[in-house]
Chemist: 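One structure is given below, represented as C-alpha cells, and several questions about it will come after.
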Amino acid sequence: MGRAALNWSTQELAQKAGVGANTVNRFEAGQDARVSSVDKMRAAMEEAGVIFIADGETSAAGGPGVRLGK
C-alpha cells in the first residue's frame with residue numbers, strides 16, 4: 001500500500017531501497033524476505049513521506065495501514 005500511495009513502480013521502490021525488484025515482488029506476494037530488505041523498503045517509503053500505522057494506533061480506518069504525510 002505504501003508503494004501505491006507514492007505511485008512508485010516495483011522498479012522504483014527497488015532502486016530507492018537498494019534491493020532487487022524480485023525482492024519487492026516476492027515480498028508483495030507474501031513470500032519471505034530478509035528483515036534487512038524489508039527495513040530498507042520501509043525506510044525508503046518513509047523518507048518519501050509514507051507513515052505506517054500499526055494495529056492499535058489511531059487511524060481513520062481503525063486498523064493498520066499507511067498514509068502520506070504532509
Side-chain angles (χ1 to χ4, degrees):
M1 293 175 65
R3 182 175 66 78
L6 293 167
N7 199 30
W8 285 357
S9 68
T10 55
Q11 297 286 343
E12 287 174 295
L13 175 55
Q15 186 271 326
K16 292 174 188 296
V19 300
N22 287 337
T23 299
V24 175
N25 290 327
R26 284 193 308 271
F27 178 73
E28 289 184 351
Q31 297 175 11
D32 289 338
R34 291 182 179 166
V35 173
S36 61
S37 295
V38 175
D39 289 345
K40 289 176 183 179
M41 290 185 282
R42 180 180 181 131
M45 288 185 278
E46 286 177 337
E47 187 174 316
V50 170
I51 299 168
F52 290 90
I53 303 167
D55 196 16
E57 291 182 3
T58 304
S59 73
V66 299
R67 66 182 171 119
L68 283 177
K70 295 180 180 179

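Because the structure is a prediction, the values reported are computed rather than measured.
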Chemist: In Å and rounded to the nearest 0.5 Å, what is the CZ to CZ distance from Arg26 to Arg34?
Modeler: 9.0 Å

Chemist: Only counting residues at least two apart or in another chain, list the ones meeting side-chain contact (heavy atoms from CB on, under 4.5 Å) with Ala5.
Modeler: Leu68

Chemist: Which distance, rounded to the nearest 0.5 Å, do you find between the CE of Met41 and the CH2 of Trp8?
Modeler: 12.0 Å

Chemist: With salt bridge (charged side-chain N to carboxylate O under 4.0 Å, His left out) as the rule and sequence neighbours excluded, what pairs involving residues 37-53 come up?
Modeler: Arg42-Glu46

Chemist: Can you tell me how far apart NZ (Lys16) and CE (Met45) are? Round to the nearest 0.5 Å.
Modeler: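 Those atoms lie 12.0 Å apart.
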
Chemist: To the nearest 0.5 angstrom, please state how far the CD atom of Gln31 sits from the CG atom of Asn25.
Modeler: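 Separation between the atoms: 9.5 Å.
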
Chemist: Measure across Thr23 and Ser37 and return the closest heavy-atom pair with its distance rounded to 0.1 Å.
Modeler: CG2-CB, 3.8 Å

Chemist: Of all the heavy-atom pairs spanning Ala44 and Leu13, show the shortest one and how long it is.
Modeler: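 The pair with the smallest heavy-atom distance is CB-CD1, 4.4 Å.
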
Chemist: Could you pull out the closest heavy-atom pair between Gly2 and Val50, with the gap in Å?
Modeler: O-CG2, 3.8 Å

Chemist: Of all the heavy-atom pairs spanning Ala33 and Val38, show the shortest one and how long it is.
Modeler: CB-CG2, 4.0 Å

